[in-house]
Amino acid sequence: MADIEIRGITKTYGPTRVLHGVDLSIANGEFLVILGPSGCGKSTLLRMIAGLETIDGGEIAIGGTIVNRLEPRERGCAMVFQNYALYPHMTVAENIGYALKVAGRPKAERLARIGEIAKIVGLEDYLDRKPSQLSGGQRQRVAMGRAMIREPKVFLFDEPLSNLDAKLRVQMRLEIRRLHQRLGATSIFVTHDQIEAMTLADRIVVMHGGRVEQVGAPRTLYATPATRFVASFLGSPAMNLMPAEILRPGLARIAGGVDIAFDPALFAAVPGQQVELGIRPEDVELVRPGTEGAHALAVQFVEEMGASRLVHGRLGEAEFAVVQPNGRGTEGGETLAIALPPSAIHLFDIGNGRRLGLEPQRLDAVRAA
Amino acid sequence: MIERSPLLDALTHALMIVGLIVTAFPIYVVFIASTHDLPSVNQVPMSLIPGNHLVENYAKVWSKSDFGAKMLNSLIVAVGVTVGKVILAAISAFSIVFFRYRLRMVFFWMIFITLMLPLEVRIVPTYAVAADVAEPLRWLVWLFGIELALPPVNLLNSYTGLILPLIATATGTFLYRQFFLTIPDSLVEAAKMDGAGPVRFFIEHLLPLSRNNMAALATIMFVYAWNQYLWPLLITTEQSMATATMQLQKIVPGPLFGQPPIWNEAMAATLMVMVPPLLVVIFMQHYFVRGLIASDK
């Protein structure tokens, strides 16, 4: 077990720079999820920690030791790959025990450890099979067992669930979480799936274009996204975002002449400022028509999601989505009366995409007060 | 394009049968010739019905031309060349595919270009080197002006001399290279994470994975080495080092000697010499096809 310090990491492939100076500290035993769209540099960062990519600039320390020049095997990391990367010519037992074999441990010890690990990942009955005879979930378990057997200081997961079907993914997610609780090893998990990130992480790092956008607890990122990108990337369905102009503190106007109230204590906005205004579809309230301050949403179409439904429509001239709890159905062409709670409004600078005004930390304090 | 109609079926079968006859008929004639005695084999036209001298012909040519020893020589050379090629090609492809070093592509192309330089083309220099392995070294030493007397090392009339010049193989390197390129990077990385170094990765992962390739290469190369004629002919002067293919030629005394060729015995010997490569192909066929067509993963 170890903490990880990442300082000013850069990476360049030919003329393109894929990482622009990333700083991160990961606490001992923490489960950190790196989240971002494909091409944001998250896998590259992970592979640099593992030692599979060279470090162009900055340094990485694991457990206080700078590992920039260390071979992967000397870093004490174990990795679970996206396509599992099992050794096709070896049985499950040989796959799991390979690291110990390389380390030159006696056979009796190896077999005992393989047995233990197989029990933890539930593969006792499959030890003699070849990877090609296993299902996707079982292969995933072999990959995890293979990583676990070395009792690594750090677990690295490179999108390990993206090759599984939806049901298995949920199941394996739980198992990974359980495993982390049991082993307590520092874990870094790379994914582009925000649900995975939200459910697994102690802290999430959102990356975009080779830079860290925001680091924080899942709840914090969801409630107070630091940038427009984080706001749009986290949460499903995605946040409604539309350009707006500040009329006066506490009031903004979006295209189509709809005035929306926000909490002036949360955002230091200047009248006349152009902003991006956001609200999550689940924060929108459905109200009785004619209620004070209600807006009219012209419904275009409805997506059925079982437990709720997602209503798409227009608010003023902006595309707008609302989550409607189960109950009365809505049809396209209708008009819904909605209220936008001022405290649920997010404002971002239209230029650099940053959240207006207060830092997220101070925001938390304001909210708590 | 898979289309089934009785007419097309009949046509393709007819084509196949014609092809088979064209290929197999000469071998049949060889067989028939090997079962007749000398007068009936020299009749024109030769009978196409088997004669009754089969055992006699084979026994006679086997002992007369000492095929036991010659086949053993051929076997040693063929196995030596095959094993050498399989190992050397694997190592060279390993280097070209998995290591990043300067001049990597230069080395690859240098190996590749030797495809265009078969032994027959470079036979004189190869012979010169085989006759005295130290010669190039001596030349280098001379170039640097060092006084050093290197004793001549002669490979003529030795198994080493028969085997070594045939071992280098661009075909094999290329075959391995193509297979190694299909191995996913993550497999290499997983082995790295598990702590395996390059040698370990080569022996414990690459070689087991390329089993089918090796079988295919071994089959082709065994047949190639067994059928070598020119090189053994050049490098061996002692009858005891002669290979089976060389011996075949000696059975047919040319018109130079004023004797009629002993076709029946020559044909019997030909068939005998064909047997070992045939057996190898039959036994390896299964892997051979898999290794050349696709990699099973």
Side-chain angles (χ1 to χ4, degrees), chain A residues 43 46-54 70-91 94-105 110 130-133 139 142-160 163, chain B residues 86-87 90-91 93-94 97-102 104-105 175-218 284 286-288 290-297:
Chain A
S43 281
L46 190 81
R47 291 161 55 79
M48 285 164 99
I49 298 170
L52 297 172
E53 299 273 353
T54 54
L70 293 187
E71 288 289 312
R73 63 183 144 186
E74 298 162 325
R75 298 190 182 196
C77 303
M79 187 152 168
V80 179
F81 292 86
Q82 177 172 6
N83 55 6
Y84 322 131
L86 302 180
Y87 309 127
H89 55 294
M90 294 184 175
T91 63
E94 285 167 336
N95 261 287
I96 294 179
Y98 187 64
L100 296 187
K101 188 180 167 195
V102 173
R105 303 281 183 78
R110 256 156 47 202
K130 289 273 175 72
S132 56
Q133 297 164 301
R139 287 181 204 185
V142 178
M144 301 222 300
R146 189 172 65 177
M148 279 161 61
I149 200 161
R150 296 167 52 206
E151 297 176 337
K153 292 185 277 185
V154 179
F155 270 108
L156 305 171
F157 298 89
D158 188 7
E159 310 209 18
N163 283 359
Chain B
V86 166
I87 293 174
I91 294 173
F94 178 53
V97 175
F98 289 99
F99 293 85
R100 299 282 167 269
Y101 49 90
R102 228 170 277 183
R104 188 171 61 103
M105 285 321 278
L175 194 72
Y176 273 108
R177 174 182 178 265
Q178 293 313 96
F179 172 68
F180 287 171
L181 287 177
T182 67
I183 287 178
D185 289 345
S186 57
L187 201 69
V188 185
E189 288 169 353
K192 264 192 210 166
M193 296 299 292
D194 274 343
V199 176
R200 234 196 151 103
F201 178 70
F202 182 63
I203 294 170
E204 289 182 356
H205 297 285
L206 275 187
L207 291 187
L209 284 173
S210 34
R211 255 197 343 243
N212 287 337
N213 266 274
M214 277 196 226
L217 189 64
M284 303 286 260
H286 178 60
Y287 301 100
F288 177 80
R290 273 207 292 187
L292 283 186
I293 292 178
S295 46
D296 54 332
K297 274 198 288 285

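The sequence lines fix the lettering, A, B, ..., with proteins before strands; numbering per chain opens at 1. Only heavy atoms go into these numbers, but all of them, side chains included; no hydrogens, no water, no symmetry mates.
Heavy atoms closer than 4.5 Å to chain B are found nowhere in Lys130(A), neither backbone nor side chain. Only the backbone of Leu86(A) comes within contact range of chain B, with at least one heavy atom under 4.5 Å from a heavy atom of that chain. Of the atoms belonging to Ala78(A), it is backbone heavy atoms, and not side-chain ones, that fall under 4.5 Å from chain B. Residue Arg47(A) touches chain B through its side chain alone, counting heavy-atom pairs closer than 4.5 Å.
Annotation: side chain of Arg200(B) is in contact with side chain of Lys101(A) (closest heavy-atom distance under 4.5 Å).
Shown here for Pro88(A) and Leu187(B), the closest heavy-atom pair between the two residues is CD-CD1, 3.9 Å.
Between the side chain of Arg150(A) and the backbone N or O of Met193(B), at least one donor-acceptor pair lies under 3.5 Å. Counting only distance, with no hydrogens or angles, the side chain of His89(A) and the backbone of Glu204(B) share a donor-acceptor pair below 3.5 Å. Panel note: side chain Tyr87(A), backbone Ala190(B); a donor-acceptor pair is recorded below 3.5 Å.
Counting heavy-atom neighbours within 6.0 Å of Arg104(B) CZ, excluding the residue itself, gives a total above 12.
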